[in-house]
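Let me begin by presenting the structure, written as structure tokens, before commenting on it.
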Amino acid sequence: MNPAIKPIVTRFPPSPTGYLHIGGARTALFNWLYARKTKGRFVLRIEDTDAARSTSQSVDAILESLTWLGIDWDEGPYFQTQRYSIYNDYIEKLVESGHAYHCACTPEEVDRMREEAKAKGQKPMYNGKCRNLNLTGGDHTVVRLKTPDTGVTVVEDIVKGPTAFQNSEIDDFIIRRGDGSAMYNLAVVIDDITMGINTIIRGDDHLINTPKQMLIYAALGADMPVFGHVPMVLGSDKARLSKRHGAMSVGEYKKMGFLPDAMINYLVRLGWSHGDQEFFERDDLIQKFDLEHLGRSASMFDTDKLMALNAKHIQKKTPEELAGPLVFHLKELGIDAKNDAFTQGVVQTLQPRSKTLVEMAQGAAFYYHEEVEWDPAAADKFLTPDVLSVLELSAERIEALDPYTQEALEAAFTLILEETGLKFGKIAQPLRVAVTGTTVSPGIFEMLLALGKEKTLKRIKKAVRFIQDKA
RNA sequence: GGUCCCAUCGUCUAGUGGUUAGGACGCUGGCCUCUCACGCCGGUAACACGGGUUCGAAUCCCGUUGGGAUCACCA
């Protein structure tokens, strides 16, 4: 198949009944990647025909999450609620061609049929009562597809392999409700046909719908798309991912300080592989993604691994790229920061030691505070009379530094060490506590540099006074 | 229950008849070191079970077991 002649067209069709969750994001990602890789098109379609559960807030949230992940669409979003007349045209066609028929049976009647069938140990199916009655429709009449009684429908699934379903297992399912609205299986097929979708990658909870949908394609004489059903993402107890497994919406992961690139990297590896490679950047992924290496078995979501990947992506990014998102997370901590040279300097010191942006923001807080806030225990242990003179000397030497660079700082302390005969370990912790307030921080020199001369001096001097007062 | 799908370290996976079964996360020993990290070196740990096919099976077939999905005038 020459892609120049027949471009790949994929789609993502979320139901706006909640936020974009992890599993949905992964499905969207697979479709998007495949479209991008093949230079095809990616269509976004909102399946909002369930009026009771669909909300516009959900639509907004889903669009926002996709945008955050960097998954962009070439067409849409289309809304199924705006396409009812299209579905009806096709349903009429199906009735006229004899592939579908009106059915006047009430839901109660159908329930009874199912009960009776069950009682006889048979499958609970519609018994085809109206099948050959040639009803012409009317109030509360539904339309059913006339499905074959014999033979098999084989889904040539590109991830599961060929999967056969006995047509006798498929009953004459409803394609249009009594109120005139189209049912899911019909709407999906008509949408996919009219939108030119030729590659459908979706969760394997849809695998059982597929033969029904294929029957509609066949009845319409339409080209069959390529199907690929990827396994579900499970929670840590191997049950389908749900709220009780913790965060499941993409938005929550943004709040927790994950990078979109890390999310994408993690999600794609959940069910797809490229040999031993674990770390992928966007462009690399678009280039390497394929359908051949999609996995067939379900996988569990593992936050630890996401975390590790996030740390790697944080390390790979430039301070410029990270400063913006960091500002957002600093704001969450009540810190007003800007994406400027100062923040970028801060980022640089924290990059190798932050697994998330939240962690980075917490580690960065001390840089922004007007006054140092010492951890009592740390101050008690390290801001002691025996380091008073070194701290004073440090302040003196730092004050004289011009220019204030990391090299100059290192040189100044090398000299102090020589003069005093102290080991660096002796003065590093007191200095760290004096300036940051805690015993944990980035390396002394890079940290003093990022903090700036003025704040550094102010804090060391404050520590000196603190020790003097204590004495 | 019927139908369908799935099965390699705890987790994500590589593997497509012949490998000391590889990598990553986690856990862990060590190195590095101004703290915490990063990084580097090493360790731990898997082919669910039973039958076949084959000179030879993680790889192919069947069964068992165990998971999952689905059985609507929801999507």
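Keep in mind that what you see is a predicted model, and the values were worked out from it rather than measured. All chains are named by letter (A, B, ...) in the order of the sequence lines, taking the proteins before the strands, and each is independently numbered beginning at 1. When reading the values below, keep in mind they use all heavy atoms of this one structure, side chains included, and skip hydrogens, waters and symmetry mates.
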Tell me the interatomic distance from [X], atom [atom1], to [N], atom [atom2], rounded to whole angstroms.
X: A:H229; N: B:A69; atom1: NE2; atom2: C1'; result: 11 Å
X: A:E108; N: B:A72; atom1: CD; atom2: C1'; result: 13 Å
X: A:R353; N: B:G39; atom1: CZ; atom2: P; result: 12 Å
X: A:L306; N: B:G26; atom1: CG; atom2: P; result: 12 Å
X: A:F382; N: B:U35; atom1: CZ; atom2: C1'; result: 8 Å

(request) Could you check A:Y19 against A:Y253 for ring pair (Phe, Tyr, Trp, His ring centres under 6.0 Å), going step by step and ending with a plain yes or no? (result) CA-CA 12 Å; A:Y19 300 109; A:Y253 285 91; over 10 Å; no
(message) Students often get this wrong, so: under 4.0 angstrom with heavy atoms, is A:L270 touching a base, only sugar-phosphate, or nothing?
(response) sugar-phosphate
(request) Under 4.0 Å between any heavy atoms, over every strand shown, what does A:D157 touch: base, sugar-phosphate, or nothing? Just pick one. (result) nothing
Does [X] put a side-chain nitrogen or oxygen below 4.0 Å from OP1 or OP2 of [N]?
X: A:S441; N: B:U35; answer: no
X: A:K212; N: B:C71; answer: no
X: A:R114; N: B:C73; answer: yes
X: A:S299; N: B:U13; answer: yes

(request) Would you classify B:C38 as syn or anti? Syn applies when the glycosidic angle is within 90° of 0. (result) syn
(message) Is the shortest side-chain heavy-atom distance between A:V189 and A:Y90 below 4.5 Å?
(response) no
(message) Using Watson-Crick or G-U wobble geometry with both distances under 3.5 Å, which nucleotide pairs with B:U53?
(response) none
(request) Quick one: look up who B:A37 pairs with, Watson-Crick or G-U, both distances under 3.5 Å, and put none if it's unpaired. (result) none
(request) Establish, for the pair A:K288 and A:F280, whether the NZ or CZ atom is under 6.0 angstrom from the six-membered ring centre and no further than 45 degrees off its axis. (result) no
(message) Run the side chain to side chain donor-acceptor pair (under 3.5 Å) test on A:Q80 and A:R83 for me, step by step, so that the C-alpha distance in whole Å, both residues' side-chain angles and the decisive distance to 0.1 Å come before the verdict.
(response) CA-CA 5 Å; A:Q80 287 191 323; A:R83 299 169 54 83; over 6 Å; no
(request) Just say parallel, tilted or perpendicular for the rings of A:F424 and A:F445, cut-offs at 30° and 60°. (result) parallel
(request) Let me know, please, whether A:T439 or A:V110 comes out on the 5' side of the other along RNA chain B by nearest nucleotide. (result) A:T439
